[in-house]
Number of protein chains: 2
Amino acid sequence: MTSPRADSLRIVLADDERMVRTALRAILTAEPDLEVVGEAATGAEAVSVVRDLTPDVVLMDVRMPEIDGIRATEQILATLPDPPRIVVVTTFENDAYVYEALRAGASGFLLKRADADALVQAVRLVAHSDTLLFPSAVRALAAEHARSRPTPPPWVAKLTARERDVLRLMATGLTNAEIAGRIGVGPATVKTHVAAVLAKTGTRDRTQAVIAAYEAGFMKES
Amino acid sequence: MTSPRADSLRIVLADDERMVRTALRAILTAEPDLEVVGEAATGAEAVSVVRDLTPDVVLMDVRMPEIDGIRATEQILATLPDPPRIVVVTTFENDAYVYEALRAGASGFLLKRADADALVQAVRLVAHSDTLLFPSAVRALAAEHARSRPTPPPWVAKLTARERDVLRLMATGLTNAEIAGRIGVGPATVKTHVAAVLAKTGTRDRTQAVIAAYEAGFMKES
DNA sequence: ACGGCCCTCCCCCGTCCGGCGGAGGCGGAT
DNA sequence: ATCCGCCTCCGCCGGACGGGGGAGGGCCGT
């Protein structure tokens, strides 16, 4: 897709912290074959800067004001005919946003505490090739991960402790009577809790509630 | 962990196809800072060769006779005090083994059709750093992927096509009547299929059946 | 031609479930 | 001191569900 100029790699930095941009620029410009051609402090700015400068590689922070790195990545890849390779930069590994960014089409990701050597090699690597270390397999993996994620359910927070207990037991296949025996209350009480769970989850029967629990990843929070 | 010699990176190739080893050796030895110190044609051989030569990087094929690349990776990482970085080499992306290899502790993976430039850069990268492109986040992702796999349920095969349809619809929260309307049969027929599903899955009600479907990863085979 | 499997549908019946409205106690917040 | 949320229970009712048993038709392999 992106064809790097024969002379040097043109890079755009997008990060809301000036210090980070400065540090990245210092590291990258020390290399003769790398050139930082632009910076952006917000996602929106990143989109327009990239559109104007058509760099080879974008180092994109995930957490930025206005438009975050994921949306910016989406917009860049969707609107540009010959989009740059986008490397997502984050402070924490296991950042959930990273997976979404990869899903959005980012070519790689990078921790801010990576040393200078790794940084420049990564930029060169991602610019010259995508058959390696980030083939579509990883993107598919991330996509799958993100697909099972996008249910950061709003209702979980609204459930009371008791209702959570009951839902958890519902999701193991117990009947109301069995749940009652398990948590040491009367069957009528369980019915009340079940009704509350159904109302708060927006489901109409226990089966749908259990499905919602699974889809929301509720069963993994054991 | 691994501390590369200041002079050059010592590499071991493990692949059952001689041609592949030759090709990799040709590419790598063309670089002044890379040195191929050993080869192995089987997983078992790879383990002993690595143990003897203590290289910095191992390029490991996944599919090999006797012991495959995954087990070899496990054994190397488990038995050596200062293990090398292991890069898994595969022909096909989306190779399911790749995820298991990453889970076993491999530092990266590489497609055989990767070009020479990408190959050498990847080797350097993986030898010098792991804060980048394959931090533990990706490994955790691979682990999660592998963890959700090992549920190849025995009963799925025993379900008839119709019963699979019904189970799939059950797991979307539909009632028998709704399922009947959806697949264009009478409610009585659906009841029959549901009963068959319950019997074959060893569950007593639709809720437990849906749980079984989710636990078995049945819902991902859409 | 026959048995076997699958899909289709029927009736009866007992149970479980979910919706309705109501009630008491208890603790924390205002 | 009062209100509000949570937990605990009660009865009533209609509908959905699951078990049991039976039956007809189509397809396939023997």
Side-chain angles (χ1 to χ4, degrees), chain A residues 151-219 221-222, chain B residues 152-216 218-219 221-222:
Chain A
T151 342
W155 48 263
V156 243
K158 315 189 74 174
L159 294 179
T160 69
R162 214 41 162 175
E163 288 157 1
R164 262 186 283 267
D165 295 340
V166 171
L167 176 55
R168 204 175 303 281
L169 292 173
M170 276 196 282
T172 66
L174 300 183
T175 67
N176 290 342
E178 289 168 339
I179 295 173
R182 191 71 75 88
I183 65 178
V185 301
T189 303
V190 175
K191 288 189 67 172
T192 305
H193 292 317
V194 170
V197 168
L198 296 184
K200 291 182 181 177
T201 55
T203 54
R204 69 171 172 220
D205 56 44
R206 70 198 301 99
T207 302
Q208 287 191 354
V210 169
I211 292 169
Y214 267 89
E215 296 286 355
F218 185 79
M219 296 315 292
E221 310 169 4
S222 95
Chain B
W155 48 263
V156 243
K158 315 190 75 175
L159 294 178
T160 69
R162 215 42 163 174
E163 288 157 1
R164 262 186 282 267
D165 295 340
V166 171
L167 176 55
R168 205 175 302 281
L169 292 173
M170 278 196 280
T172 65
L174 300 184
T175 67
N176 289 342
E178 288 167 340
I179 294 172
R182 191 71 74 88
I183 65 178
V185 300
T189 304
V190 175
K191 288 190 65 174
T192 305
H193 292 316
V194 169
V197 169
L198 296 184
K200 291 183 181 176
T201 56
T203 54
R204 70 172 171 216
D205 56 43
R206 70 198 301 100
T207 303
Q208 287 191 354
V210 169
I211 292 169
Y214 268 88
E215 297 286 354
F218 183 79
M219 296 315 293
E221 311 169 4
S222 93

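Naming convention: chains lettered A, B, ... in sequence-line order (proteins, then strands); numbering from 1 in each chain.
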Task: Distance-minimising heavy-atom pair for A:Val166 and A:Ile183 - done: CG2-CD1, 4.3 Å
- [ ] Side chain of B:Arg162 only, please: which of D:dC6, C:dT8, C:dG19 is the nearest?
- [x] C:dT8
Task: Closest nucleotide among C:dC9, C:dG19, D:dT8 to the A:Ala195 side chain - done: C:dG19
Task: Sole candidate of A:Val190, A:Ile179, A:Thr192 that passes side chain to side chain contact (heavy atoms under 4.5 Å, CB included) when paired with A:Val185 - done: A:Val190
Open item on the list: Please pick, from C:dC9, D:dG18, C:dC7, the nucleotide with the shortest atom-to-atom distance to any side-chain atom of B:Ala188.
Closed with: C:dC9
Open item on the list: D:dT8, OP1 or OP2 - any side-chain N/O from A:His193 closer than 4.0 Å?
Closed with: yes
TODO: Establish, with yes or no, whether the OP1 or OP2 oxygen of D:dA16 is under 4.0 angstrom from a side-chain nitrogen or oxygen of B:Asn176.
DONE: no
- [ ] Would you give the length of the straight line joining atom NE2 of B:His193 to atom OG1 of B:Thr160, rounded to the nearest 0.5 angstrom?
- [x] 6.5 Å
Task: Nucleotide C:dC17, atom C1' - distance to CD1 of A:Ile179 in whole Å - done: 12 Å
Open item on the list: What's A:Thr189 touching, base or sugar-phosphate or nothing? Going by heavy atoms closer than 4.0 Å.
Closed with: base
Open item on the list: Return the CG to CE distance between B:Asp205 and B:Met170, rounded to the nearest 0.5 Å.
Closed with: 10.5 Å
Open item on the list: Please pick, from D:dC6, D:dC17, C:dG18, the nucleotide with the shortest atom-to-atom distance to any side-chain atom of A:Thr160.
Closed with: D:dC6
Task: Gap between atoms CE and P, on A:Met170 and C:dC16 respectively (whole Å) - done: 17 Å
TODO: Using heavy atoms to find the nearest nucleotide of DNA chain D for B:Thr192 and B:Thr207 separately, return the residue whose nucleotide is more 5′.
DONE: B:Thr207
- [ ] With the side chain of A:Arg206 defined as its heavy atoms from C-beta on, choose the nearest nucleotide among D:dC7, C:dC7, C:dC17.
- [x] C:dC17
Task: Separation of D:dC17 P from B:Leu169 CG (nearest whole Å) - done: 13 Å
- [ ] Would you kindly give the CG-to-P distance between A:Asp205 and C:dG19, to the nearest whole Å?
- [x] 9 Å
Task: Atom pair distance, as rounded to whole Å: CG in A:Asp165 and P in D:dC6 - done: 14 Å
- [ ] Keeping the roles fixed (side chain from A:Glu215, backbone from A:Ile211), state whether a donor-acceptor pair exists under 3.5 Å.
- [x] no
Open item on the list: Rounded to whole Å, please give me the gap between CG in A:Leu198 and C1' in D:dA16.
Closed with: 14 Å
Open item on the list: Rounded to whole Å, how long is the line connecting atom CG of A:Leu167 with atom P of C:dG18?
Closed with: 12 Å
Open item on the list: Is it the case that the base of C:dG19 and the side chain of A:Lys191 share a donor-acceptor contact (distance under 3.5 Å, atom types as modelled)?
Closed with: yes
TODO: Rounded off to whole Å, could you give me the CZ-to-P distance for the B:Arg164 and C:dC6 pair?
DONE: 11 Å
